[in-house]
K.L.:
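Starting off with a structure, shown below.
All chains are named by letter (A, B, ...) in the order of the sequence lines, taking the proteins before the strands, and each is independently numbered beginning at 1.
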Amino acid sequence: VRLLEPYTVTTDLEPHFQESCLASCVMAQWCRQRVAGRTPDFGDAAHEVLGEVELARLAGLKTGAVQPVNERERVIAERLRALENNLTRVA
Amino acid sequence: MNAFEEALHRVAARQHGQAILLRRSSSLSADPNTTIGIATIKIVTEEQVQAIAFGRIGGEPEILVRLDPISRDVSDLRPFAAFLAAIADDAQRDDGALRIWIPHAGALEALDVLGHRYWRNQSAPDAIRRMGEICRIVAHEHAFPGQQTVADAAGLLREHVITGLTPIEEGHLNAILAWLDPFVLQPLEESRERIRVPASGVLPNTPDQPLDDRVDRLRREAKGASGSRRVALQREITLILSNAVLREWRLMVEAREGFLRLGLPAAGLGDLVADSCKRIKAGLQFGHFPARSPERLTIQLGQMEVGQQRAEQASIENDPALRTQSRNAGAVMLGRVSNVTQPRQGRKPCHIEVDSDQRVIRFRRDDKVKILDSNVHGVVRDIDVSPGGGVRVALEITSGVKSSNVLAVGTLMELVEESFGFVNVKALNAARDRQPWPFYSDAMPNIGAIPRPSGSLLAIARRSRRP
């Protein structure tokens, strides 16, 4: 049996990125790149409460460019708009 | 703030490329006259401090490097001990008013371990023991919610702002700072680059910066070296540690300035400041005595609860953002006065009813409540469904009965439960004198033989029921 070099199998791996990976796994950055721009990239809690959503879709929900497809997205869109009207940015 | 709101704030921060304020008021009072900073570098595996930067905020810090931190010789700690003793004297003269800025909680842990190691170490000189005691007093004070002595820069920023990072990444002070700096155009990329170098009071040990390993090797070499070779090795250790601890100090100063730049008002913190000053003054004057007996532990837990209540009350009263959150959670009730019963105007008795659209409130009968932005206080006497389907709360007004502008039908008001703010020390000391066995003894007192019941529990219950 010929063992493959680890780098040759990385494309076959299925990433399951979690926050704790950042503190414990050498593959964390590789896995995080696979969820970049999606809710898992904001942490476990964000992934859980918002579901797996693209950041671009969230921006569209906020502006109204994207129509919500379910109740969760409707609430997200409403809360994002309310937040936008009240938030104070730093700097 | 719940997880859903927090997630949306992170999304908004990422979209705007800037940190977003979570609060509209500061949880930290203004710095008192005696305000210092302390940053540390510890050996990861030994929990030993190997470098300290300390000094008054606004000036350059003094750097203390320990060439052999696991040695029994503690003379190298004398400058830090002398500094802390002088600061303690200043704070005592100012009735316990003291502020100690640290970059993050890791620095406080390092100081606490330092304190534990020396505060009762009979082989250490008096000055070092006093240093240990002051470290313990400061670390102990930090355990009280709402305390106003220790300013944990990273913790304060996390409490007041949110970034587009994950919560675990916000543990890195330098990463948060990237989101506060207007000159950083790509805060996500910049903060993730900064995370590569730790900001947790340890030396970096990455492939490109193997400083922890380097210092370890230099120490081993220095032990076997002599003359100019030994001096050169020690100089390199000093340089590495000085740079590392100075970096921690500068992060702390930058974080403090960033926090102050938020410009948040620090209102309603007077009681918390007074509590902190009192504890610090007593500790510095009489020494640190950890609570061990049941009544002392209960008093301490009570004081912590009071701190928590006072901090929450100050937030609700002075921070519109947190007040809204509390209203959503039912801790604050927004309603309109629907009925006032006051036979003689401006006199007791006075009862009012307040109707709210809120479906959920946390009040219970007999809770003491306060009408926000007024001097009116009352007690909840009844809770019912309002005609509109919300909640109707009946209050007996206990003080402020002359406030006719508030106690009038149609007035919009916000009710909040009043913090108890009291530890019954007298009752707890009386309990100590009585020494009840469940708290003060391991053995149950002998109360003689008790007849063992027999039969089913149902039959026993029937027999014991009064006719």
K.L.:
For A/R57, look at atom CZ and say whether over 12 heavy atoms of other residues, nucleotides or ligands are found less than 6.0 Å away.
P.N.:
yes
K.L.:
Looking only at heavy atoms, what is the nearest atom pair of A/G43 and B/P167, with distance?
P.N.:
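It is CA-CD, 4.2 Å.
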K.L.:
Using heavy-atom distances under 4.5 Å, tell me whether A/D41 contacts chain B through its side chain, its backbone, both, or neither.
P.N.:
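Interface part for A/D41: both.
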K.L.:
Just so I know, are the side chains of B/L8 and A/L50 near enough to count as touching, which here means a heavy-atom distance under 4.5 Å?
P.N.:
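Yes, at least one pair of side-chain atoms sits under 4.5 Å.
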K.L.:
Mind listing the closest non-hydrogen atom pair of A/E19 and B/I168 along with its distance?
P.N.:
OE2-N, 2.9 Å
K.L.:
Using a 4.5 angstrom heavy-atom cutoff, name the option from B/R261, B/H16, B/R10, B/Q15 with the most pairs to chain A.
P.N.:
B/H16
K.L.:
Which bit of A/R72 comes within less than 4.5 Å of chain B, counting heavy atoms only: side chain, backbone, both or neither?
P.N.:
neither
K.L.:
With a cut-off of 6.0 Å (strictly less than), are more than 12 heavy atoms of other residues, nucleotides or ligands near CD of A/E48?
P.N.:
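Result for CD/A/E48: open.
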K.L.:
Crowded around B/D357 CG? As in, over 12 foreign heavy atoms under 6.0 Å?
P.N.:
no
K.L.:
Atom NE2 in A/H47, atom OG1 in B/T166: separation rounded to 0.5 Å?
P.N.:
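OG1 of B/T166 is found 14.0 Å from NE2 of A/H47.
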K.L.:
At a 4.5 Å cut-off on heavy atoms, which part of B/V161 comes close to chain A: side chain, backbone, both, or neither?
P.N.:
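Just its side chain gets close to chain A.
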K.L.:
Could you look at A/L22 and say if it's the side chain, the backbone, both or neither that has a heavy atom under 4.5 Å from chain B?
P.N.:
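For A/L22, the side chain is the part near chain B, not the backbone.
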K.L.:
Check each atom of B/E5 against the heavy atoms of chain A and say whether the ones under 4.5 Å are side chain, backbone, both or neither.
P.N.:
side chain
K.L.:
Checking A/L83 against chain B: side chain, backbone, both or neither under 4.5 Å from a heavy atom?
P.N.:
side chain
K.L.:
Identify whether NZ of Lys or CZ of Arg in B/R14 sits under 6.0 Å from the centre of the six-membered ring of A/F42 and within 45° of that ring's axis.
P.N.:
yes
K.L.:
Rounded to the nearest 0.5 Å, how far apart are CD1 of B/I20 and CD of A/E84?
P.N.:
7.5 Å
K.L.:
Which region of B/A3, side chain (C-beta onward) or backbone (N, CA, C, O), has a non-hydrogen atom less than 4.5 Å from a non-hydrogen atom of chain A, or is it both or neither?
P.N.:
both
